Amino acid sequence: MQDKEKSRDVVQDSYEKLWINVKDVEFEKSKSYLFTIAYRRMIDVIRRDKHMSAFDAATPLSYSHSEQYSDLKEILNEAVSKLPEDQRSVVMLRDYEGYAYDEISEITGLSESQVKVYIFRARVFLKNYIKNPEFVI
């Protein structure tokens, strides 16, 4: 196995399995049983280590990409900053703070229908801003 500690683990696991099944194993066949268990356990460990080494050998660059950096929070904050003041305040109250439409209308002094219209327009602008690549890059 080329690793002393793993070899000791295999031997210990084999003796443990023999001890657990001591009532079922005949004395004359115990040596054969022990070697069979150790061999099978060794094969399992080698197969597991082969899969683990393949994962350990992988570099972060092989399973990730760094083609383009885009922090969505930065992009969204920039998009929100481009909104008109009325739309920005109602969107912030609704989407960031979690207020209901009637509560926003009380805070801002706008009618509830006007709050809904501002939120709708702001969300359409944000959706188009984020979807459009020349604004994001």
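Predicted model, so just to flag it, every value in this text is computed and none were measured.
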Enter the distance from [X]:[atom1] to [Y]:[atom2] here, rounded to the nearest 0.5 Å.
| X | Y | atom1 | atom2 | value |
| --- | --- | --- | --- | --- |
| Leu110 | Lys116 | CG | NZ | 13.5 Å |
| Thr36 | Lys31 | OG1 | NZ | 12.0 Å |
| Ser89 | Tyr96 | OG | OH | 13.5 Å |
| Ser81 | Arg88 | OG | CZ | 6.5 Å |
| Arg8 | Lys6 | CZ | NZ | 14.5 Å |
| Gln87 | Met92 | CD | CE | 13.5 Å |

Sequence neighbours excluded, which residues qualify as side-chain hydrogen bond (donor to acceptor under 3.5 Å, both in side chains) partners of Ser32?
->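 Partners of Ser32 by the side-chain hydrogen bond (donor to acceptor under 3.5 Å, both in side chains) criterion come out as none, since no residue qualifies.
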Cluster overlap [X] with [Y], hydrophobic side-chain contacts below 4.5 Å:
| X | Y | answer |
| --- | --- | --- |
| Phe120 | Val90 | no |
| Leu34 | Tyr39 | no |
| Tyr15 | Ile37 | yes |
| Leu126 | Ile119 | no |
| Phe125 | Tyr118 | no |

Closest contact, heavy atoms only, [X] versus [Y]:
| X | Y | result |
| --- | --- | --- |
| Ala38 | Ser14 | CA-OG, 3.1 Å |
| Ser111 | Ser105 | C-CB, 4.0 Å |
| Ile104 | Tyr99 | CG1-CB, 3.7 Å |

Between Tyr33 and Glu26, do the side chains contain an N or O donor and an N or O acceptor separated by less than 3.5 Å?
->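 Looking only at side-chain atoms, Glu26 and Tyr33 do not form any donor-acceptor pair under 3.5 Å.
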Do Arg94's NZ or CZ and the ring of Tyr101 fall within the cation-pi criteria of under 6.0 Å and 45°?
->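 Geometry flag: set, cation within 6.0 Å and 45°.
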Apply side chain to side chain contact (heavy atoms under 4.5 Å, CB included) to Val11 and Ser7, showing your working.
-> CA-CA 6 Å; Val11 171; Ser7 301; 5.6 Å; no
Identify, with sequence neighbours excluded, every residue that meets salt bridge (charged side-chain N to carboxylate O under 4.0 Å, His left out) alongside [X].
| X | answer |
| --- | --- |
| Asp44 | none |
| Arg121 | none |
| Lys127 | none |
| Asp95 | Arg123 |

Under 6.0 Å from the CD atom of Glu112, do we count more than 12 heavy atoms belonging to anything else shown?
->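 Yes.
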SB check Asp9 Arg41 (cutoff 4.0 Å) |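 Looking at Asp9 and Arg41, the cut-off is not met.
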Test Gln114 against Val117 for side chain to side chain contact (heavy atoms under 4.5 Å, CB included), laying out the working first.
-> CA-CA 5 Å; Gln114 191 62 44; Val117 168; 4.3 Å; yes
Do any pairs count as a salt bridge (charged side-chain N to carboxylate O under 4.0 Å, His left out) and have a residue in residues 99-110, sequence neighbours left out, and if so which ones?
->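 Every pair satisfying salt bridge (charged side-chain N to carboxylate O under 4.0 Å, His left out) with a residue in residues 99-110: there are none.
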Does Lys82 reach the side chain of Glu78, with side-chain heavy atoms less than 4.5 Å apart?
->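 Yes, their side chains come closer than 4.5 Å.
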Working for side chain to side chain contact (heavy atoms under 4.5 Å, CB included), residues Leu93 and Thr108 = CA-CA 10 Å; Leu93 289 170; Thr108 59; 4.0 Å; yes
